[in-house]
Amino acid sequence: MKKVAVIMGSDSDWPIVKPAVETLQSLAIPFEAKVMSAHRTPIAAMEFARSARENGFGALIAAAGKAAHLAGVLAGNTTLPVIGIPIGGNGGLGGLDALLATVQMPSGIPVATVAVDGAKNAALLAAQILGVTDETMAQKLDALREEMTLAIAEKNAALQQKLQEKRSGA
Ligand code: RP5
């Protein structure tokens, strides 16, 4: 199976990025996680992206806050899919700065941007990308959706019960 790269602009991003790694682990997706910055280590970021395909990666996740150019820099140096996580809680402007810097890519160089701090969805999207060609992964994702549907049905049933008890004055 192809690997997923999880690149973060700073080690201070790790608490937000951790759910992405945990989600990849729960799906048994091979991954590498690294700190690498578009501004502080621009050459390393470029070289990583340029060699990612030959190094066995199928998708890159890039998390950064503030002037969040990491996903864009990676995307400019590979045609592998790049998923951007704008980081919100790092002394920036609540994540709006990072969101705009990540999502507003120029035509020709797409970055699939998830919600501010949306690490879990970034990993799920990477899994879905791998699932295009990997039937086992597609089945795991179907099973997850099924679990989610059941969990919502249970929550709805519990809510209906509470409302019923309130109506009947219990
Ligand atoms: C960004 O600047 C990083 O991704 C991080 O979200 C933010 C702050 O980095 P540190 O100053 O905490 O290293 O590049």
Side-chain angles (χ1 to χ4, degrees), residues 1-134 137 140-141 144-145 148:
M1 190 193 298
K2 298 278 187 196
K3 293 182 287 185
V4 172
V6 182
I7 312 295
M8 62 210 92
S10 168
D11 60 342
S12 64
D13 297 325
W14 171 244
I16 304 294
V17 174
K18 199 173 165 204
V21 165
E22 289 168 346
T23 301
L24 294 173
Q25 285 171 326
S26 74
L27 291 164
I29 295 174
F31 69 93
E32 289 182 26
K34 293 178 187 300
V35 176
M36 213 176 264
S37 163
H39 307 119
R40 293 165 175 161
T41 63
I43 296 181
M46 178 189 75
E47 285 175 350
F48 181 86
R50 289 202 170 188
S51 57
R53 187 183 295 276
E54 73 201 44
N55 285 332
F57 291 97
L60 312 186
I61 293 173
K66 298 183 173 173
H69 299 134
L70 181 58
V73 164
L74 296 176
N77 283 289
T78 183
T79 53
L80 290 173
V82 176
I83 302 163
I85 309 172
I87 299 288
N90 245 342
L93 307 176
L96 185 58
D97 45 0
L99 173 63
L100 295 178
T102 306
V103 79
Q104 288 285 60
M105 288 297 292
S107 179
I109 308 291
V111 166
T113 306
V114 296
V116 171
D117 295 343
K120 184 172 179 181
N121 269 2
L124 288 173
L125 183 52
Q128 289 180 202
I129 289 165
L130 300 185
V132 171
T133 52
D134 186 318
M137 184 52 54
K140 282 184 188 177
L141 290 166
L144 263 188
R145 289 284 173 100
M148 218 183 298

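The first residue in the sequence is number 1, and the count goes up from there. We count ligands from 1, going down the list as the structure has it; atoms in each ligand are counted the same way. For the numbers below, each heavy atom of this structure counts, side chains included, while hydrogens, waters and symmetry mates do not.
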What salt bridge (charged side-chain N to carboxylate O under 4.0 Å, His left out) pairs are there with at least one residue in residues 9-19, not counting sequence neighbours? Lys18-Glu22

Where does ligand 1 get N/O contacts under 3.5 Å from the protein, atom by atom?
| unit_1 | atom_1 | unit_2 | atom_2 | d |
| --- | --- | --- | --- | --- |
| ligand 1 | 4 (O) | Asp13 | OD2 | 2.6 |
| ligand 1 | 4 (O) | Gly65 | N | 3.1 |
| ligand 1 | 6 (O) | Asp13 | OD1 | 2.6 |
| ligand 1 | 6 (O) | Gly65 | N | 3.0 |
| ligand 1 | 6 (O) | Asn90 | ND2 | 2.9 |
| ligand 1 | 11 (O) | Arg40 | NH2 | 3.1 |
| ligand 1 | 12 (O) | Ser12 | OG | 2.7 |
| ligand 1 | 13 (O) | Ser10 | OG | 2.6 |
| ligand 1 | 13 (O) | Arg40 | NH1 | 2.8 |

Listed once per pair and sorted, the salt bridge (charged side-chain N to carboxylate O under 4.0 Å, His left out) pairs that draw on residues 23-42, sequence neighbours left out: Lys3-Glu32, Glu32-Lys34

Is there any salt bridge (charged side-chain N to carboxylate O under 4.0 Å, His left out) pair reaching into residues 92-117, and which pairs are they, with sequence neighbours excluded? none

Working for side-chain contact (heavy atoms from CB on, under 4.5 Å), residues Ile83 and Val114: CA-CA 7 Å; Ile83 302 163; Val114 296; 4.1 Å; yes

Between CE on residue Met105 and NE2 on residue His69, distance to nearest 0.5 Å: 9.5 Å

State whether the side chain of Lys140 and the backbone N or O of Leu27 hold a donor-acceptor pair below 3.5 Å, judged by distance alone. yes

